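The block underneath contains the structure these notes are about, expressed in structure tokens.
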Amino acid sequence: MKTISAFTSDRARERFDDAYRTALARLLPGGTAPIPVTTGFGEAVAYRSGAATGTPVVLLPGAGGNAVTWYHYAERLGRRRPVIALDPIGEPGAARQTRALATERDVVTCLDETLDGLGLDGAHLVGMSYGGWAALRYELEFPGRAASLTLLDPGGFGAIGLRFWVWLFAGGIAGISPRPVGRRLAGVVRNATLRDDELMPLLPLTMSFRRRLPLPSPFSDAELGAVTVPHLVLLGERSALYSSADVAERLRRVMPSAWVEIVPGASHDLPVHSPDLVADRIEAFLDRCDTGR
């Protein structure tokens, strides 16, 4: 049976928790008040901030991420809408897992139970990488429950190849190097996270987290063509996952209503590489969704 995601020891968990609580309090607006959400797979945790009214925006991190990875965005996106940053079950954060997420159906069922537990029906889903794949898979499993999808260099547009694993490994090695070295290597390995002094202190602590979630399977043309909610897809020009030009061409062919853009210079580090541009695009897209234009 597939095991659950967990830290390698209680001490590793405690060290991460201490640093994570400090980061949440400093970086997320309203982040000091976690909202626990019980699901059949454990307890997810949400952090709500932003406006009191409007269609909520739910932020889904990438693999190995958590609510803090959205600190560039939470305050800005919350100017006119409620924002809920999630610590999903199975990722290193405040969530606690009690049952394996063994299949893709488990992942989207867990997300559905989390959104239901928060009383969210018709929220805007914004996901990076694995979170983008999960948001799109969720829409396919539960059509129409999301108001819109914003996908930032999402998984699911081809098999994960050697280029991605090399990118991930190189970033990991650079991340545990002395900070001045890591910052210099950011451009070489195409990972702007290495220059982010807010996120980098957590990286060495997550190295002792063993993530046990299914790899994202590729979407078929038929699946992509079945999506009816508004959708924005932003791709890194130098994405480590795929040829962004090929993916953009495919999306424009099978999802003609999609708003698709390739962000110059960005790799799979897109949300950290170009936060102002990404936030601008998300805000414009959500405004269009909420006004029906």
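Remember, it's a predicted structure, so these values are computed and weren't measured experimentally. The residues of the chain are indexed from 1 along the displayed sequence.
- Judged purely by distance below 3.5 Å, without hydrogens or angles, the side chains of Ser148 and His231 never pair a donor atom with an acceptor atom.
- Met255 has its side chain within reach of Val227: a pair of non-hydrogen atoms, C-beta onward, lies under 4.5 Å apart.
- Residues Leu60 and Ala135 approach most closely at CD1-CB, 4.0 Å, considering heavy atoms.
- Of the inter-residue distances, the one linking Arg76 atom CZ with Trp70 atom CH2 reads 13.5 Å to the nearest 0.5 angstrom.
- With salt bridges taken as basic N to acidic carboxylate O contacts below 4.0 Å, one links Arg211 and Glu91.
- Transitive grouping of hydrophobic side chains (ILVMFWY, heavy atoms separated by less than 4.5 Å) keeps Val57 and Tyr47 in distinct clusters.
- A salt bridge (Lys or Arg N to Asp or Glu O under 4.0 Å) check over residues 57-70, counting only residues at least two apart or in different chains, returns nothing.
- Enclosure of atom CD in Glu75 is not indicated, since only 12 or fewer non-hydrogen atoms of other residues, nucleotides or ligands lie within 6.0 angstrom.
- A side-chain donor-acceptor contact under 3.5 Å links Arg210 to the backbone of Met207.
- Under a 3.5 Å cut-off, the side chain of Glu113 and the backbone N or O of Thr39 do not form any donor-acceptor pair.
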Residue pair Leu234, Asp153: steps toward the side chain to side chain contact (heavy atoms under 4.5 Å, CB included) verdict: CA-CA 6 Å; Leu234 300 180; Asp153 215 57; over 6 Å; no

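- For the side chain to side chain donor-acceptor pair (under 3.5 Å) test with Arg81, the passing option among Asp290, Thr55, Thr53 is Asp290; the others fail.
- Using modelled atom types, no side-chain atom of Thr69 and backbone atom of Gly65 make a donor-acceptor pair closer than 3.5 Å.
- The closest donor-acceptor contact from the side chain of Asp106 to the backbone of Thr103 lies under 3.5 Å.
- Scanning all heavy atoms of the two residues, the minimum distance from Val108 to Ala134 falls at CG1-O, 4.0 Å.
- A donor-acceptor contact closer than 3.5 angstrom links the side chains of Ser217 and Glu104.
- When all heavy atoms of Gly144 and Val229 are compared, the pair lying nearest together is CA-CG1, 4.2 Å.
- Within the 3.5 Å criterion, the main-chain N or O of Asp287 finds a donor-acceptor partner in the side chain of Thr291.
- When hydrophobic clusters are built by joining Ile, Leu, Val, Met, Phe, Trp and Tyr residues whose side-chain heavy atoms come closer than 4.5 Å, directly or via intermediates, Phe142 is grouped together with Phe41.
- Using a distance-only test at 3.5 Å, with no hydrogens or angles considered, no donor-acceptor pair links the side chain of Glu141 to the main chain of Thr109.
- Cluster membership check: Tyr130 does not share its hydrophobic cluster with Tyr73, using side-chain heavy-atom separations under 4.5 Å among Ile, Leu, Val, Met, Phe, Trp and Tyr.
- To the nearest 0.5 Å, atoms CG (Leu111) and CG (Leu125) are separated by 6.5 Å.
- The shortest side-chain heavy-atom distance between Leu86 and Val45 does not fall under the 4.5 Å cut-off.
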Audit row: Val68, Leu202, side chain to side chain contact (heavy atoms under 4.5 Å, CB included) steps and yes/no: CA-CA 10 Å; Val68 163; Leu202 290 174; 4.3 Å; yes

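- Proximity of a side-chain donor or acceptor of Ser244 to a complementary backbone N or O of Leu235 within less than 3.5 Å is not detected.
- The 12-atom threshold is not exceeded at CG of Asp121, counting heavy atoms of other residues, nucleotides or ligands nearer than 6.0 Å.
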Test log, rule side chain to side chain contact (heavy atoms under 4.5 Å, CB included), inputs Thr150 and His124: CA-CA 8 Å; Thr150 296; His124 297 296; over 6 Å; no

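- Cluster membership check: Leu101 shares its hydrophobic cluster with Trp133, using side-chain heavy-atom separations under 4.5 Å among Ile, Leu, Val, Met, Phe, Trp and Tyr.
- Atom-to-atom distance recorded for Leu149:CG and Leu136:CG is 6.0 Å, nearest 0.5 angstrom.
- The existence of a salt bridge linking Arg145 and Asp112 is confirmed by a sub-4.0 Å separation between a basic side-chain nitrogen and an acidic carboxylate oxygen.
- Between the side chains of Asp196 and Tyr71, a donor-acceptor pair is found at a separation under 3.5 Å.
- The distance from atom NE2 of His273 to atom NE2 of His268, rounded to the nearest 0.5 Å, is 14.0 Å.
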Show me, pair by pair, the donor-acceptor contacts under 3.5 angstrom made by side chains of residues 256-263, not counting sequence neighbours?
| from | atom 1 | to | atom 2 | distance (Å) |
| --- | --- | --- | --- | --- |
| Glu261 | OE1 | Arg281 | NE | 2.7 |
| Glu261 | OE2 | Arg281 | NE | 3.3 |
| Glu261 | OE2 | Arg281 | NH2 | 3.1 |

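- Note that SG of Cys110 is 9.0 Å distant from CG of Leu213, once rounded to the nearest 0.5 Å.
- Each salt bridge (Lys or Arg N to Asp or Glu O under 4.0 Å) pair with one or both residues in residues 215-228, not counting sequence neighbours, appears once here: Arg137-Glu223, Asp221-Arg250, Asp221-Arg253.
- At least one side-chain heavy atom of Val233 sits under 4.5 Å from a side-chain heavy atom of Pro154.
- Leu24 and Phe16 fall within the same hydrophobic cluster, defined by Ile, Leu, Val, Met, Phe, Trp and Tyr side-chain heavy atoms under 4.5 Å apart, directly or through other members.
- The pair Asp17-Arg96 meets the salt-bridge criterion, since a charged nitrogen lies less than 4.0 angstrom from a carboxylate oxygen.
- Across Ile4 and Ala100, no two heavy atoms sit closer than the pair CG2-N, 3.5 Å.
- Judged by distance alone, the side chain of Asp87 and the main-chain N or O of Ala94 form a donor-acceptor pair under 3.5 Å.
- Here the closest non-hydrogen pair linking Gly265 and Glu237 is N-OE1, 2.6 Å.
- Between Asp18 and Arg15, none of the side-chain N atoms (NZ, or NE/NH1/NH2) sits under 4.0 Å from a carboxylate O, so this pair counts as no salt bridge.
- The aromatic rings of Phe157 and Tyr242 sit perpendicular to each other, their planes meeting at more than 60°, with 30° as the lower class boundary.
- If you take CG on Leu77 and CG on Leu59, they are separated by 6.5 Å, rounding to the nearest 0.5 Å.
- Smallest separation of non-hydrogen atoms from Ala52 and Arg48: O-NH2, 4.2 Å.
- With Gln97 contributing its side chain and Ser5 its backbone, the two residues share a donor-acceptor pair below 3.5 Å.
- Remark: Arg13 is not positioned above the aromatic ring of Phe7, lacking an NZ or CZ atom under 6.0 angstrom from the ring centre and at most 45 degrees off the axis.
- Between Pro88 and Thr114 there is no side-chain heavy-atom pair separated by less than 4.5 Å.
- Side-chain atoms of Ser243 come within 3.5 Å of backbone N or O of Asp246 as a donor-acceptor pair.
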